[in-house]
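Notes follow the structure.
As the structure is a computational prediction, the values presented were derived from the model and not from experiment.
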Amino acid sequence: GMLPTGEDFEAKLLEFRTKAKAWNYTSEVLSDSSYENMIGFIDGKLRYVTIRIRSTMARDTPYSKGIEIRDLLQGWTDARVTEMPESLKSMKYHAYGIFSQYDLASELLAGLFSGCAIAAPMAFLVLLASTTNLIVAVYAVLSVACIVFCVLGFCKSAMDWDLGIGEAIAGVIVIGYSVDYVVHLAHIYCEAKYHGCHTREERAEFA
């Protein structure tokens, strides 16, 4: 027969929400669906409807690929919203917190790169002040950069890990440890001459 419209549609939808069994209309993957939660009536009025979809995207999809999927879905949603009536322009999407993890990863990665940009000149100034030797300070900063690049490069080339939340946090830690180690090593190298070490080999061994 004819599909109900207007108030008749809401009445039929409310009846469906109350009486229908979700497992009769969903796949095994979405078998935990509950129409009580998916179709929202507040004070007898239809306020929201949730439409669940099945995706091939894995929960552990790395940041570089997941962000593309999120942006693709965002673009599709924005395109549909522009064609909808005013009552449906509030359409939103979510993935049970998975996409929010990509936002967190994006901020952490931005923090990692900005941290590198700040740490490099600051480390150079600290090294220059502690060693009073321009050449040693330059070599020390290059050593820090090589340590960071080698560790993150190993994660990508050998482990095939993309940059994400864990890698961004680890990158910040690596910068801190490498600067700490190199500062002490460079400082003792320069101080070795006051302890009877005059050749480069002796100072390096003393450090």
Side-chain angles (χ1 to χ4, degrees), residues 1-118 152 155-175:
M2 295 292 293
L3 290 175
T5 59
E7 294 182 358
D8 293 335
F9 172 78
E10 291 192 9
K12 289 294 184 181
L13 185 62
L14 180 59
E15 180 182 351
F16 175 82
R17 173 181 180 267
T18 305
K19 297 181 178 180
K21 304 299 181 183
W23 56 80
N24 292 330
Y25 302 94
T26 58
S27 66
E28 293 181 0
V29 177
L30 303 177
S31 60
D32 60 338
S33 302
S34 172
Y35 291 133
E36 295 288 335
N37 298 325
M38 296 174 64
I39 304 174
F41 279 87
I42 301 176
D43 296 331
K45 294 292 184 179
L46 179 63
R47 299 302 184 186
Y48 67 88
V49 174
T50 302
I51 300 176
R52 300 181 65 181
I53 64 171
R54 180 180 178 180
S55 171
T56 57
M57 174 181 165
R59 283 187 172 272
D60 58 350
T61 299
Y63 169 80
S64 60
K65 295 183 179 63
I67 200 72
E68 294 179 0
I69 298 172
R70 187 203 65 180
D71 292 343
L72 179 64
L73 185 56
Q74 178 67 63
W76 184 90
T77 302
D78 292 342
R80 301 289 84 73
V81 167
T82 58
E83 302 171 356
M84 291 180 175
E86 288 298 325
S87 59
L88 294 178
K89 288 187 179 296
S90 61
M91 183 175 71
K92 300 289 188 296
Y93 71 91
H94 72 91
Y96 294 99
I98 295 178
F99 289 150
S100 63
Q101 293 179 8
Y102 297 138
D103 293 329
L104 174 60
S106 179
E107 293 299 321
L108 289 175
L109 288 173
L112 171 63
F113 295 130
S114 62
C116 290
I118 295 172
L152 295 181
C155 292
K156 177 59 180 176
S157 60
M159 306 300 293
D160 196 27
W161 294 348
D162 286 324
L163 287 178
I165 295 176
E167 292 76 17
I169 296 174
V172 174
I173 296 173
V174 168
I175 294 172

Which atoms form the tightest heavy-atom contact between [X] and [Y], and what is the distance?
X: Ile175; Y: Cys116; value: CD1-SG, 3.3 Å
X: Val49; Y: Leu46; value: CG2-CD1, 3.9 Å
X: Trp161; Y: Glu167; value: CB-OE2, 3.8 Å

Between [X] and [Y], is any pair of side-chain heavy atoms under 4.5 Å apart?
X: Trp76; Y: Tyr93; result: no
X: Gln101; Y: Ile165; result: yes
X: Tyr63; Y: Leu109; result: yes
X: Tyr102; Y: Glu68; result: no
X: Ile169; Y: Leu108; result: yes
X: Lys12; Y: Phe16; result: no

In terms of heavy-atom contacts, does [atom1] of [X] have more than 12 from other residues, nucleotides or ligands at under 6.0 Å?
X: Lys156; atom1: NZ; answer: yes
X: Phe9; atom1: CZ; answer: no
X: Lys89; atom1: NZ; answer: yes

Any donor-acceptor N/O pair, [X] side chain to [Y] backbone, under 3.5 Å:
X: Ser114; Y: Ala110; answer: yes
X: Glu107; Y: Leu104; answer: no
X: Arg17; Y: Ile39; answer: yes
X: Thr61; Y: Met57; answer: no

What's the separation between atom [atom1] in [X] and atom [atom2] in [Y], rounded to the nearest 0.5 Å?
X: Thr5; Y: Glu10; atom1: OG1; atom2: CD; answer: 11.0 Å
X: Met38; Y: Ile51; atom1: CE; atom2: CD1; answer: 8.0 Å
X: Leu112; Y: Ile173; atom1: CG; atom2: CD1; answer: 11.0 Å
X: Ile67; Y: Leu72; atom1: CD1; atom2: CG; answer: 12.0 Å
X: Ile69; Y: Gln74; atom1: CD1; atom2: CD; answer: 14.5 Å
X: Ser90; Y: Met84; atom1: OG; atom2: CE; answer: 9.5 Å

